[in-house]
Structure formats: structure tokens, C-alpha cells
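Here the structure is laid out as C-alpha cells; the discussion comes afterwards.
Below, read A as the first sequence line, B as the second, and so on, with proteins coming before strands; counting in each chain starts at 1. In what follows, every heavy atom counts, from backbone to side chain, and hydrogens, waters and symmetry copies are set aside. Owing to the predicted nature of the structure, the values given are computational and were not obtained by experimental measurement.
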Amino acid sequence: MAAPKYEIRPFRPGDEDGIIATFNAAFGENNPSFVPRTRAEWDWAFARNPAGQRIWVAECEGVIAAQCAALPYRVLIDGKQASFTQGVDSMVHPDHRKGLRRPGLYVETARPFFEQFGGYGADILHYGWPVEPAWRIGRTFLGYEIVRTQTIHFREPLDGPREIPREVERLRTFGDEVSALYRRCHREWGTSIIRDAAYLDWRFIQHPRFRYHLFGVRGSGGELRGYAITRRADWPVPNTALVMDWLVPTDEPEIGELLREALLAQARADGAAVVLAVFPDWSPWSLRFQDWGWRVHTSDYLLIGIIQDPRYDTWWLREHWWYQLAELDVV
Amino acid sequence: MTSFTVEARALGAQDMVPLTRGIARAASAPGSRRPEEFHRRYAAAPHGACIAFARDGEGELRAGIAATRQKVLFEGREVHWLEVGDLFNDFGRGRGLCRARAVLAAGQAFAEAFGGFAPEKHPVVYGLPGRRAHRLGLRHLEWEVLRSENELRLDLARLEARSAAGVDVEEVERFPVEVEGCFRRFAEGRAALLVRDAAYLNWRYGGEGEQKFRVALARVDGELRGYAVYRAGWILDWIARPEEEGVAGELLSWSVARARHEGRATLSLVVPDTAPEWLAFQRRGFRAHGTREFLCFRSFQRPAIMSWLFKNWFYTRGDTLR
């Protein structure tokens, strides 16, 4: 039998349904709890992302046999705008996994992806949170480096109010005012995804599958002084309240306390068993959440990066990059 | 292009002078470490040490790597791992990536000579490299990151002291032979950890003067059940079975008293975040803080791949103490 011929190329309109079919075949395989991806979800992630699109595919006789894709994000790094990408949906169709010589179809698809989007002057960082087997492939063939072995903050909501404090508002949308709050917080960070209305509305309000609770606290002049975003999920353990995003100036602990109470109240109302958050280990919020009863636990996840700008390395990122669960697409 | 002659062997007395000079020449702060330190670390190590040197065409030492052999309980067997203490390179010579060629040659020779299956060779090489060594090792010497290290730190002002009846804590100058039995009980159910016998502990924690370590033994009915090693605001080593909370509590109280005596505001330690001690210390008021350290390793024998070591290797700050 003749070896299959693959065309490895950038995404082009019309690939969408083939990509979704391969996604559902690849990730649904042997996974009874798998929920198939919809076109609305694909459009949200790849067509409507305000920061753009990064996709390469391997096509074989009309089938998307493999994909290397990423979600781009606009970031501030050392005060300048640039971009990071999160690797997502790395896949090879089950029918195309056998008989391939190493390094394999995925790696062959990924190499031109990184030639186009990598290198000095392109996306500064390509990051992800793989578990070890995926990490090992990426390290061997694509140059993944570990930024951090990820720890997670856990606590039980315990007994208490199920209503959010009256000073906390349920936000329906984000306006331009959130940019001022972001700039205040970013002063203490070397780099972060830009939290503006375009990003936050896309990430949390337009999401086609998940519904998030958005809590904000305003000052006397109506200005936004902090926000927290949460949702209930069965990841990484069943019945978890995820703190998806936390944006509060570190010198305003009283705003943090109000938002903490809102998170706990929502977790109780949702019947969550634990409340989970992720913080960079240098952040004062990491320590403050511990003071508030969260305990730091290990996890199987590795925050990895392919760093494409020689001015930065994993040591710098570990100490300067503010990130939250918001930066992880699957939640 | 300069070529190098590489030598890899068990460290001998004749290696101490070139090792000390090579490190001093490569260091950004030459002279900051004394020859006695190198002697104690390498020549006096209970299971010996290994070195690899790279010399240029004129016979001058340009780079090297030095490691102590450590006895390890590895899935119930006793083997030896290598703890890299020094990786040095004379970056003052050459330009660009060529400057690293000597250290890469030494590193590769070191791995070929000493890395491999037990008992003849060493299944794991580990260490806490600096930023430049980290970059070189990961890119060119097949090192891997095991963990971005965190420390547990206690604000002494917030400690709630808990005293346990029946536990006697005694400060000693040297570890007694019976400490190995205490260690063996602690090691039950743990798949990988350095063997804490008296020879190892008295070597590792035998410093004098300003660098003197303080050691406390905890006994119950005369039986040694745990110990702690303290220096300068740090619990450097810790053996106490997690279920024996009284022993742990008394050793912690002793450590806190030591720290307070020195006027310290905090007390720190390092244990893996996968160990039961990680959460136990948090329950006693410790908080997790980030560090600048990456614990790195290279594996030469399964099951010691990253995920296995991450879950199964128990270590303390003392295991990588420089």
C-alpha cells in the first residue's frame, strides 16, 4: 500500500469542519465523558479571538490528519506590547498515527508552524500546561522548557454566607475602565496578558460553553477597583470552584477581602467542595490567599514555554510573569 | 578551533588543587570559597567524588564538573547517585558559543563515564545549577528540570507552640550510629531518598565556626525517633515520621527556639511538594514561597524519569547544600 501523502500548510477557510471532526475523533477516543466540540466553540476560539489566529494543519485526501495550533494573546512585556501564544489542540487523527516514522506527523506539522510564528520579532513566548508525556515529546522535538512546576491553591469553602457581600457587584460586561485597573496592577509585573475589555469580553462573556460569575468592586466615583471571576467545574477534581481571574492591586487588601467573600459565597451556593486558584509564586496574592486559609498543593501540570526572544528565559518568566487560570483555554 | 583533552575519573588528592584553582578562575567572585570547603565537600565525602576536566592544547584547565557520590535508597535497593556541586568554565576565553565548548566537553565526558545503571554507575545525577549552568545543561547536556523549587517559611511571630509529652529533645555535636535505624523507619514507604547514616550526616553537617550546624535528636522512651538540622534560619534536614506529630512538634519547637535565639524573624525549609511533610508544615503555619532555584537532574535508569522522581524522591535543602 502506498504511503499516505500529506500536505502540511497553514489553515485556510473551509478547514473548520475537518479540524472539528479530527478534534472529536482524537480527543473522544476511549473517553466516555468526552463532550464533542461544536462549531460555535471553534469559532469562539479561533475565528473571534481578538488577538488573531495561529493554525497549521496536515491534510491527507481531504482529512485533517494533524494540527498544530495556538491561541494568541496580546501582552505587555517590559512595558511594550507583544504577543504570547498558548499551544492548544495538538492532535493527530487516530487513523494517521500508525506507521509514521519519528518524529511523527504532529512534529512535522509543528515545525513550519514555529518557523512562521517563532523567532525573534514574532510571538515572544509559546506556552502550555502539558502533563509529562506531552511535555516529553515537546521537549525532545520542539524545545519546550519548564518555567514552573505548577502548584495550586486549594481550600474548602466551609460554612458561611451564600450571598455575595453587598459591596460586590455582579458584572455583566467589561468597559474601558478595566484598562485603568489593569495598568495599576501591571506596574508590579514584568509581563502579563493585557486585561482589557476586548480580551475579557471574549474570554469570559462570549465563551460558548462555560458561564462565569464576574464580581467587581467599585470606588466611590464608580471606578473599578478590583474584579474576580469564577466558575464551577469538575477539573482538576470533581466539584471545584475555579478562581479564573483575579485583578486587584496588592495595596488594596480590603478590596481583595470583599472579592474573596464573593468567591466563597458563590462556591457555597454552587455546592463546590473546594475553591482552587493559581498564582505565580512571587505574587503577594499567593501569600495572602494562604493567610486566608488556602493551602498550596502539588499538581501534575508543568507550565512550559518555547521562548523566542533571547532577552528572556525561563528564570525571568518565572519571576515576572503574572498569569491566572484564565490563561488556560480548557477551563 | 581549540580542541580539548577531557579526563573523567574518581576524584583523587591530586585533583584538589586544579579543581580549586579552576573554580576560582571561573567564578565571578574569585576567592569566595576556601580550599578547605572543597576538601570537605569532595575529598572527605564518605562515598567519594567524581570529576571531569577539560584542558586546552596547552594543558591548561578550562572547564570541569565535580560531584559527590551519595548513597540512595532507590526502590528498596542501595545505589549511588551523583550530586553535582560545581560546574565551572573559563568564560574569559574565546567568543560566543565557543566559550562553552570546554564545559560541554567536560559535561559529556562526565555523563559517559559515570551515568548509567547501578551498581557500576549512577542512575541519577542531580543538582541546583545557577542560571548559566542551567541553560547549558538543559540545552546541551540532557539535564531536565525536576521542580521549580519552593520553600516553606514560617513567620515566627505567628507560631502556635504545641508541646508534646514524652518526647525528649537533645542537642548533640555529632550524629550517633543509631540514627540509621531512625532513618530506615522514616524511609519505609518512600521510594527514593539519600541514606541518612551517621557517616553521611556527620560529613554533611560537620562544619565548624560560623558555619556550624546545630543538630537536635528527638527520643521517645530512649528510642531515637527523629532529628532536625538547623543553621541560619533554615531547617536543613528533617527526619520525623508524619504520623508522629509529637516528635515533629518538639523538633519544630527546638528549631524555632534556635532561630529566635539568633534574632531571626522566619524559619524556612525545603521539602518536595509531593511529600506529606509539605502539607503538614503548612498546617503548622508555614507558607509556600517561591525561590529562584530549579532542581535539575539527568536520569540514566528507569524508573527515575521526571514524573517518577517528582512524586517519589524525598529530599531536603541539605541534599543540595553547597
Side-chain angles (χ1 to χ4, degrees), chain A residues 129-140 142-155 277-307 310 312-323, chain B residues 96-97 128-140 142-155 157-158 266 271-297 299 303 305-313:
Chain A
W129 263 301
V131 291
E132 202 211 0
W135 141 252
R136 195 156 290 284
I137 293 168
R139 172 181 176 267
T140 302
L142 301 172
Y144 286 7
E145 294 182 70
I146 290 177
V147 177
R148 200 176 164 215
T149 47
Q150 190 64 56
T151 53
I152 294 174
H153 288 55
F154 273 101
R155 69 158 277 185
V278 164
F279 293 101
D281 49 27
W282 49 263
S283 166
W285 289 115
S286 171
L287 194 56
R288 197 161 285 155
F289 268 67
Q290 292 179 69
D291 289 341
W292 289 344
W294 271 261
R295 295 285 169 262
V296 178
H297 290 243
T298 189
S299 86
D300 292 335
Y301 288 86
L302 308 168
L303 178 57
I304 63 93
I306 301 172
I307 300 162
Y312 304 103
D313 64 8
T314 52
W315 291 55
W316 189 91
L317 284 169
R318 183 181 172 192
E319 293 178 357
H320 295 91
W321 179 17
W322 169 265
Y323 60 89
Chain B
L97 190 60
L128 277 180
R131 194 169 190 158
R132 186 180 251 168
H134 173 110
R135 187 163 57 238
L136 283 171
L138 266 63
R139 291 199 180 157
H140 302 290
E142 299 183 46
W143 297 0
E144 295 184 57
V145 169
L146 181 64
R147 183 173 274 110
S148 55
E149 204 61 83
N150 293 305
E151 71 178 66
L152 291 167
R153 191 185 304 160
L154 177 68
D155 178 349
R158 73 169 65 190
T266 62
V271 291
D273 53 28
T274 46
E277 287 78 4
W278 173 260
L279 287 173
F281 277 106
Q282 289 188 67
R283 286 193 289 271
R284 290 179 182 273
F286 283 74
R287 302 284 185 260
H289 291 251
T291 74
R292 301 195 73 213
E293 295 165 347
F294 289 92
L295 178 61
C296 292
F297 75 103
S299 171
I305 61 170
M306 186 210 177
S307 54
W308 190 91
L309 288 168
F310 187 81
K311 287 191 179 82
N312 291 297
W313 178 16

So for L303(A), is it side chain, backbone, both, or neither that comes closer than 4.5 Å to the heavy atoms of chain B?
neither

Structural part of S299(A) lying under 4.5 Å from a heavy atom of chain B:
backbone

Check whether R318(A) gets within reach of chain B through its side chain, its backbone, both or neither, counting any heavy atom under 4.5 Å.
side chain

Are W143(B) and F294(B) an aromatic pair, judged by ring center distance below 6.0 Å?
no

How would you list, by chain and number, every residue that makes a ring pair (Phe, Tyr, Trp, His ring centres under 6.0 Å) with F297(B), sequence neighbours excluded?
none

With a 4.5 angstrom heavy-atom cut-off, could you sort out which part of W315(A) is near chain B: side chain, backbone, both or neither?
both

Can you tell me which portion of Q290(A) sits under 4.5 Å from chain B's heavy atoms? Options are side chain, backbone, both or neither.
both

Cationic N near anionic O, under 4.0 Å, E144(B) to R136(A)
yes

Looking at V145(B), L152(B), L146(B), which one has more heavy-atom pairs under 4.5 Å with chain A than the rest?
V145(B)

Partners passing side chain to side chain donor-acceptor pair (under 3.5 Å) against R153(B) (at least two apart in sequence or in another chain)
E151(B), H289(B)

For the pair R139(A) and E145(A), find out whether any cationic side-chain nitrogen is under 4.0 Å from an anionic carboxylate oxygen.
no

Does any backbone or side-chain atom of D313(A) lie under 4.5 Å from a heavy atom of chain B? Answer side chain, backbone, both or neither.
side chain

Could you look at H153(A) and say if it's the side chain, the backbone, both or neither that has a heavy atom under 4.5 Å from chain B?
neither

Might you point out which heavy atoms bring P280(A) and S286(A) nearest each other, and give the distance in Å?
O-CB, 3.7 Å

